[in-house]
Amino acid sequence: MDFDLTDDQKAIQDLCRDFAQNEVAPQAERNDREERFPYDLVKKMADLGLMGLPFPEEYGGAGADTVSYALAVLEIARADASTAITLAAHVSLGASPILLFGTEEQKQKYFVPLARGEQLWGFGLTEPGAGSDSGATATRAELQDGKWVINGTKAFITNSGTDITGGTTITAVTGTNAKGKSEISNILVPQDTPGFTRAKKYKKMGWRASDTRELAFADAEVPEENLLGKRGKGLHQFLTILDGGRISVAALSVGVAMGAYDEALKYAQQRHQFGRAISKFQAIQFKLADMLMEIEHAKLMVLKAAWEKDNDRAYELTASLAKLYSGEVSRRVVNEALQIHGGYGFMDEYPISRMYRDQKINEIGEGTNEVQRLVIARQIGL
Ligand SMILES: Cc1cc2nc3c(=O)[nH]c(=O)nc-3n(C[C@H](O)[C@H](O)[C@H](O)COP(=O)(O)OP(=O)(O)OC[C@H]3O[C@@H](n4cnc5c(N)ncnc54)[C@H](O)[C@@H]3O)c2cc1C
């Protein structure tokens, strides 16, 4: 078994670490406080090829593997979770469905600008009444005179309302199947579609610099050819996308945990009480040792899932385990890292305060911890 990264993987890790520490970290606190979307960082990530990192070069991507992509998300999340989710949601949720299920024409028209990082794209599954139960989709699309006429609402959609967003792929009920159940299909809805509106950004506890909005469709019309993949396969397609998305969300969680560990280690060596650095107290040393142990474990699971995907192995179970475990590890690690900061950790000027808020969504987004356990139980045949 070989634990060494390849030269290419190492080069991408180094590039992302430098970029994250030198360009992302210095503006993380301001972006969080001002809820400022990092357009400049997205442009830089596009210039570095990160916005299309794991996509084929023929479609404008960088042709890297999933391991490299996971390392990129991890390094950026170590500096700032908002920037990392902007990248991860763009690649795994926004762009991937069009590459995987789109026609050649859809790929040329919609996917290529995404792989180049010129535009962002949303993934619209969640609705006010359909969260974990994504099959409860109520948004409807009716085919009338060669057009889909869409009505409904989507909730919590990342990257859906920035100045550079090209559109969102949504799930919608397009009819009833032979079993009498809702037939759900995916439809590409460009931003300038009449009747399609984005609400103001949500006021969020964490990921405050990222763009998350409610979407409304009132007789919004798109051409029939904007159907993505086969009619009636929408939910199945989105669940396939979520399998891959779990690797990047898990990498993001590990990155947040590593960032918190970095801060705690530094602080423990600087802060003196009782005449010595608090890092000299065994209670603090044990916390740091436990944090590192869990981070290392979670990171190995993420890289294993990414490796399995790259090598065409079944990766779904490892990805689910990695997503669940790294989300929980990030909670324990940020909590202990803040504890090591004492009262200063409760102050906004310390990065650990932001990391503590940013962590929570790791246990909710792309499948809550509870739903993740259900997914794992299903995967082991229960
Ligand atoms: C910042 C942010 C960004 C997001 N970005 C996107 C996006 O880009 N696209 C998108 O489509 N969605 C997005 N989401 C939505 C996210 O995926 C959902 O919030 C998540 O899937 C949970 O759905 P819910 O919030 O409706 O919670 P609910 O499903 O209402 O769950 C509430 C509670 O009930 C539990 N629960 C539900 N069902 C079960 C069950 N069967 N067994 C046991 N417990 C259960 C849950 O685990 C949870 O604890 C985003 C959310 C946030 C907050």
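Atoms within each ligand, like the ligands themselves, are counted from 1 in listed order.
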Closer than 3.5 angstrom, by distance alone: can the side chain of [X] be matched with the main-chain N or O of [Y] as a donor-acceptor pair?
X      : Y      : result
Glu263 : Leu338 : no
Thr193 : Val189 : no
Asp211 : Gly161 : yes

*At under 4.0 Å between heavy atoms, which part of Trp207 makes contact with ligand 1: side chain, backbone, both or neither?*
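Looking at Trp207 and ligand 1, just side chain atoms fall under 4.0 Å.
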_Lys154 contact mode with ligand 1 (heavy-atom cut-off under 4.0 Å)_ =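 Neither; nothing of Lys154 gets under 4.0 Å from ligand 1.
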For [atom], the protein heavy atom that lies nearest, with its residue and separation:
atom                    : value
atom 3 (C) of ligand 1  : Thr158 OG1, 3.4 Å
atom 45 (C) of ligand 1 : Glu370 CB, 4.4 Å
atom 38 (N) of ligand 1 : Ser132 CB, 3.9 Å
atom 20 (C) of ligand 1 : Ile364 O, 3.6 Å
atom 13 (C) of ligand 1 : Phe156 O, 3.1 Å
atom 39 (C) of ligand 1 : Val371 CG2, 4.5 Å
atom 24 (P) of ligand 1 : Gly131 CA, 4.0 Å

*Which word best sums up how the rings of Phe217 and Phe196 line up, parallel for under 30°, tilted for 30 to 60°, or perpendicular for over 60°?*
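Ring orientation of Phe217 relative to Phe196: parallel.
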_Students often mix this up, so state it plainly: with edges at 30° and 60°, are the rings of His341 and Tyr267 parallel, tilted or perpendicular?_
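Because their plane-to-plane angle is under 30°, the rings of His341 and Tyr267 count as parallel.
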*Considering Ile170, Thr368, Thr168, which one's heavy-atom position lies nearest to atom 48 (C) of ligand 1?*
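Among Ile170, Thr368, Thr168, the closest heavy atom to atom 48 (C) of ligand 1 belongs to Thr368.
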*Identify which of Thr126, Asp211, Thr171 has a heavy atom lying nearest to atom 18 (C) of ligand 1.*
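Checking each option, the heavy atom nearest atom 18 (C) of ligand 1 is found in Thr126.
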Are any non-hydrogen protein atoms located under 4.0 Å from [atom]?
atom                    : answer
atom 6 (C) of ligand 1  : yes
atom 30 (O) of ligand 1 : no
atom 41 (N) of ligand 1 : yes
atom 35 (C) of ligand 1 : no

Ligand-residue contact atoms, ligand 1 with [X], heavy atoms, under 4.0 Å:
X      : result
Leu125 : 11 (O)
Glu366 : 17 (O)
Ile157 : 7 (C), 8 (O), 9 (N), 10 (C), 11 (O)

Below 3.5 angstrom, do we get any N/O pair linking [X] and ligand 1?
X      : result
Leu374 : no
Ile361 : no
Phe123 : yes

*Tyr356 atom OH: more than 12 heavy-atom contacts under 6.0 Å*: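 No.
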_Under 3.5 Å, is there a donor on one side chain and an acceptor on the other for Asp65 and Ser68?_
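Judged by distance alone, the side chains do pair up.
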*Is a side-chain donor-acceptor pair under 3.5 Å present for Ser248 with Ser92?*
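Note: Ser92 and Ser248 side chains meet the donor-acceptor criterion.
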_Partner of Glu35 under salt bridge (charged side-chain N to carboxylate O under 4.0 Å, His left out), chosen from Arg208, Lys204, Lys200_ =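 Running salt bridge (charged side-chain N to carboxylate O under 4.0 Å, His left out) over Arg208, Lys204, Lys200 with Glu35 returns exactly one hit, Arg208.
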*Given side chain to side chain contact (heavy atoms under 4.5 Å, CB included), test Leu215 with Thr168 step by step and report yes or no.*
CA-CA 9 Å; Leu215 312 181; Thr168 292; 3.9 Å; yes
*Spacing of Leu143 atom CG and Lys147 atom NZ [to the nearest 0.5 Å]*: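 Going from CG on Leu143 over to NZ on Lys147, the span is 11.5 Å.
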_Give me the atom names and distance for the closest heavy-atom approach of Gln269 to Ala277._
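Smallest interatomic distance, heavy atoms only, reads O-CB, 3.7 Å.
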*Can the ring centres of Tyr344 and Phe346 be said to be less than 6.0 Å apart?*
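No, they do not, as the ring centres are separated by 6.0 Å or more.
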_Contact between ligand 1 and Asp133 is defined here as a heavy atom of the residue under 4.0 Å from a ligand atom; is it met?_
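Contact absent.
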